[in-house]
Number of protein chains: 2
Amino acid sequence: MTTTPPASAPPKPGDSLSRDAVLVAALALIDRKGVAGFSVRDLARDLGVYPTALYWHVPGRNALIAGAVAMALGDLKPARRPTDWAAGVRALFRRYRKAVRAHPAIAPVLGAQLVSNESMPPELVEHMLMLLERAGFSGDRLRHAYNTLVAGMVGFVTLELAPLPEEDPEGWATAHRQRMQDVDARQCPTLAREMPHLARGAFVVRASSGVDQPLDQSFEFWTETVIQGLAAMRERSAP
Amino acid sequence: MTTTPPASAPPKPGDSLSRDAVLVAALALIDRKGVAGFSVRDLARDLGVYPTALYWHVPGRNALIAGAVAMALGDLKPARRPTDWAAGVRALFRRYRKAVRAHPAIAPVLGAQLVSNESMPPELVEHMLMLLERAGFSGDRLRHAYNTLVAGMVGFVTLELAPLPEEDPEGWATAHRQRMQDVDARQCPTLAREMPHLARGAFVVRASSGVDQPLDQSFEFWTETVIQGLAAMRERSAP
DNA sequence: ACCTGAACACCGTTCAAGT
DNA sequence: ACCTGAACACCGTTCAAGT
């Protein structure tokens, strides 16, 4: 169990396998094909090895994904001590988004599969708890504020970077655009009126992923909303 | 294109197929096996038909999932006119969570895959825009507030209902509990101290899904945080 | 119009065997 | 200790054929 998490030896193609080399290659493959399109056999092909060779280093496909995600989140480092809790939250949200944007294909796993718990560095949890304690939360309300903070950090980015169906992406996109054009203006007047605005960068309405069309301003708005909300909840707190 | 979205004829096993019957059966199978474990061949078996027969009614596996999700979200109905925008948001969040809790297996698709855009009723989008306009948002800030509201509605529930790995759930759970016990108390003092609190119902720390261990209070806290946050952002708005 | 049936190109994982 | 190689029980989707 002496796994060395930092690890990042360049994946020399010649020499023998190692857990880390396998995970690095797995992350690279996921980056290219997406989690859904990621296959053990493809990975083995990339490594020039029989598929079953991987099972010596890693228990199975799930562990490959969890390990690759952990690798991607390894960059998410503690950062320097923030001036106040709000600044800390702002910096944390930005760092998290940046780390995921470096490997957007892992986004669908992050919030949506419990396996990803395994990939989140404990230091990150510690950091969030510390920020919230400094904000004045404790006991049960600390837990609720913490859950709020995690949902806030992960939720938006998961939605923003949600991938198109891998089957026929541009076919799906044009079909969805059509669906949105066809919305009944009498039943949905506001939607119909705001359509030009929304088509380019609004959840549900858009036909593109945040990888191609980042929602930077909405993300800032979101971050401030969570911070303001927590600030308000803090004052409601029972001592 | 005269599909009847309400549709809910009981899936008579004897007579011939229909798009709706196929989707109802697909949703039922997803409920049982999860989206990852859902297979076209299993569905065909359930319907007593050759796998390829389904391709007459539906273009493929993706469409089956999207259709099933749309079916599940069909229950999410407009509800009565709210007294004020905040009450509207509160009611909306509750209704959404309730609808997803009725079919928790669809949660991983909802925020994390763009296909789910296809499954969201346009009336829902309209309703959200209306609430935010009433709150005083317009133009670009309306879009940001809307994205915030969608992320707020979907984000928490997606995290809460994230499924365990289908491979070996209880094996994973005990392993994760161990991982959390083994956290270094010197490096993560707050986490170590709050562990008893957090183990039962905190994201990342927990080893169970929200299906078994609902996070009701955290969800309420989350909802109020988003509402308070939006209220604060509203006052910052440029006219 | 709706379904059968065979076929294709894949999967993840097992287990015994090699070195 | 680490990898090969064959084998098992699956996949989603195609296309021609039936009725």
Side-chain angles (χ1 to χ4, degrees), chain A residues 1-4 9 11-23 25-26 29-30 32-68 109 113 115 164-169 171-172, chain B residues 1-3 9 11-26 29-30 32-68 109 113 115 164-169 171-172:
Chain A
M1 284 299 184
T2 45
T3 44
T4 51
K12 291 181 198 168
D15 61 13
S16 73
L17 252 42
S18 77
R19 203 189 117 90
D20 278 337
V22 168
L23 293 183
L29 185 54
I30 289 171
R32 271 160 39 223
K33 307 260 230 165
V35 174
F38 165 80
S39 95
V40 178
R41 290 176 117 109
D42 273 356
L43 177 59
R45 235 165 337 241
D46 283 5
L47 291 165
V49 101
Y50 271 65
T52 49
L54 302 175
Y55 284 78
W56 204 93
H57 300 277
V58 136
R61 195 187 114 106
N62 260 322
L64 282 168
I65 294 167
V109 183
Q113 307 282 150
V115 208
L164 303 188
E166 50 157 344
E167 174 195 333
D168 172 22
W172 180 88
Chain B
M1 286 296 183
T2 45
T3 43
K12 291 181 199 170
D15 61 12
S16 73
L17 251 41
S18 77
R19 203 189 117 91
D20 278 337
V22 168
L23 293 183
V24 167
L29 184 55
I30 290 171
R32 271 158 41 220
K33 307 259 229 166
V35 173
F38 165 80
S39 95
V40 177
R41 291 176 116 107
D42 273 355
L43 177 58
R45 240 171 325 250
D46 283 5
L47 291 165
V49 100
Y50 271 65
T52 48
L54 302 175
Y55 284 78
W56 204 93
H57 299 277
V58 137
R61 195 188 114 104
N62 259 324
L64 282 167
I65 294 168
V109 184
Q113 307 282 151
V115 207
L164 302 189
E166 49 156 346
E167 175 196 332
D168 173 20
W172 180 88

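The structure displayed is predicted, hence computed values, not measured ones. Here is how names work: the chains are called A, B, and so on, in the same order as the sequence lines, proteins then strands, and each is numbered from 1.
- For Pro169(B), the side-chain contact (heavy atoms from CB on, under 4.5 Å) partners at least two apart in sequence or on another chain are Leu164(B).
- Pairs engaging residues 49-59 of chain B under the side-chain hydrogen bond (donor to acceptor under 3.5 Å, both in side chains) rule: none recorded [sequence neighbours left out].
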Checking side chain to side chain contact (heavy atoms under 4.5 Å, CB included) for the pair Ile65(A)/Val115(A): CA distance, chi angles, key distance, verdict? CA-CA 9 Å; Ile65(A) 294 167; Val115(A) 208; over 6 Å; no

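- For the contact set between residues 32-39 of chain B and DNA chain C, defined by any heavy atom under 4.0 Å, there are no members.
- Where Val49(B) and Pro51(A) meet DNA chain C, the nucleotide closest to each residue was compared, and Val49(B) sits on the side nearer the 5' end.
- Mapping Arg41(A) and Gly48(A) onto DNA chain D by nearest heavy atom places Gly48(A) closer to the 5' end of the strand.
- Atom CD1 in Ile30(A) sits 8.0 Å away from atom CG in Leu64(A) (nearest 0.5 Å).
- Using a 4.0 Å cutoff to heavy atoms of chain B, the contacted part of DNA chain D runs 5' to 3' from dC11(D) to dT14(D).
- Within the structure, the salt bridge (charged side-chain N to carboxylate O under 4.0 Å, His left out) test picks out no pair touching residues 50-60 of chain B (sequence neighbours left out).
- The shortest heavy-atom contact between Leu47(A) and Ala21(A) is CD2-O, 4.5 Å.
- With sequence neighbours excluded, the residues forming a side-chain contact (heavy atoms from CB on, under 4.5 Å) with Leu29(B) are Arg32(B), Lys33(B), Phe38(B), Asp42(B), Leu43(B), Asp46(B), listed by chain and number.
- Residues Ala63(B) and Val58(B) come closest through the heavy atom pair CB-CG1, 4.0 Å.
- In this view, Glu166(A) satisfies the side chain to side chain donor-acceptor pair (under 3.5 Å) rule with no residue, not counting sequence neighbours.
- Straight-line distance between the P atoms of dA9(C) and dA9(D): roughly 22 Å, to the nearest whole Å.
- Residues meeting the side-chain contact (heavy atoms from CB on, under 4.5 Å) test with Ala44(B), sequence neighbours left out: Val49(B), Pro51(B), Leu54(B).
- In the region residues 55-65 of chain A, proximity to DNA chain C at under 4.0 angstrom, judged on heavy atoms, holds for Tyr55(A), Gly60(A), Arg61(A).
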A correct dot-bracket answer for DNA chain D, with pairs being Watson-Crick or G-U at under 3.5 Å, [ ] for crossing pairs and | for inter-strand pairs, is ||.|||||...|||||.||

